[in-house]
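The block underneath contains the structure these notes are about, expressed in structure tokens.
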Amino acid sequence: MKKKIALVTGANKGIGKKISIELANSKIYVIGTATTEIGVNIIKKTLQNKGIGILIDFTKIYITKKIIKKLIKKYKNIDIFVHNAGIINDNLLITMPDIKWNNVIDVNLSSIFHITKIIIPTMIKKKYGRIIVISSVIGCTGQKGQTNYAASKSGLIGFSKSLALEVASLGITVNLVSPGYIITDMTKKILSSKKKEIIKKIPMKRYGTPQDIAYVVSFLSSEKSSYITGQNIHVNGGMYVDLAT
Ligand code: NAP
């Protein structure tokens, strides 16, 4: 049987790296993205013959679209799309420069619109697709200094739920995973400097790991989740219990 193909954005480190390994171990061919050649080489080394690394920077949308179109031409279709890449660029709103707002919205949110538009026709044709979007607990709770990040992450929730409804009858599921505090390069500074304060807010009394997220993404990528769509799965050690999910 032909291997399924997954596109995982931000696959060179942190959560995206673990997701890529988890999918590759489930016999899925992984195309992982990074913004630097060093990152691409890390992906190649990590995946070996189970996938490839490609260079994409979401701040360059014209080139991003070109690369995704090329991928589709080469592989014919993407079965699983994991939108994981994301950044923070914190500032209180009152002094937030336009560039910080635009940068976070472009990388975290607008990118999914552009990429999905190119990928989804092939999923529709095949009547199969899994789209998994990495949002954040902050998209539901908000956070001081993160109007840009929170807006991008709640934007992803609205985007994914709407798209889930649009393609539900076409064999395509669209779900989100919203991590709480996970130790990665993005968070390690704040998580070590404010450990006592943050751990107090987590009922399980520990930070999450990229692996905690990867397991859920793997499930949502599989046949086992075929009747789940439009859902936002919180993975946060009980820190935020969303009664409305
Ligand atoms: P990370 O270690 O900083 O990794 C971020 C990834 O995004 C990297 O692979 C990075 O590639 C990629 N990326 C950054 N800028 C990009 C751009 N302009 N274009 C394309 N890709 C870009 O962060 P992480 O903690 O693993 O985060 C992964 C996802 O989980 C993010 O969406 C984040 O918002 C979300 N999340 C994380 C936490 C947490 O506690 N860590 C909590 C909630 C949600 P390069 O290295 O090549 O720049």
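In this chain, residues are counted from 1 in sequence order. The structure displayed is predicted, hence computed values, not measured ones.
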Which other residues end up in the same hydrophobic cluster as [X], if Ile, Leu, Val, Met, Phe, Trp and Tyr are linked when side-chain heavy atoms come under 4.5 Å apart?
{"X": "Ile61", "result": "none"}
{"X": "Ile42", "result": "Ile38"}
{"X": "Tyr227", "result": "none"}

Open item on the list: For residues 91-101, which residue pairs pass the side chain to side chain donor-acceptor pair (under 3.5 Å) check, not counting sequence neighbours?
Closed with: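 Side chain to side chain donor-acceptor pair (under 3.5 Å) check on residues 91-101 returns Asn91-Thr95, Asn91-Lys100.
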
Listed by chain and number, what are the side chain to side chain donor-acceptor pair (under 3.5 Å) partners of [X], not counting sequence neighbours?
{"X": "Ser178", "answer": "Asn232"}
{"X": "Asn236", "answer": "none"}
{"X": "Ser160", "answer": "none"}

TODO: Could I get the full list of side-chain contact (heavy atoms from CB on, under 4.5 Å) partners for Ile138, not counting sequence neighbours?
DONE: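 Per chain and number, Ile138 pairs via side-chain contact (heavy atoms from CB on, under 4.5 Å) with Ser136, Thr141, Gln143, Gln146, Tyr149, Ala150.
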
Task: Ser26: partners by side-chain contact (heavy atoms from CB on, under 4.5 Å), with sequence neighbours left out - done: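 For Ser26 the side-chain contact (heavy atoms from CB on, under 4.5 Å) partners, ignoring immediate neighbours, are Ile28, Ser218.
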
For [X], salt bridge (charged side-chain N to carboxylate O under 4.0 Å, His left out) partners two or more places apart:
{"X": "Lys126", "value": "Asp79"}
{"X": "Asp57", "value": "Lys60"}
{"X": "Asp185", "value": "Lys13, Lys188"}

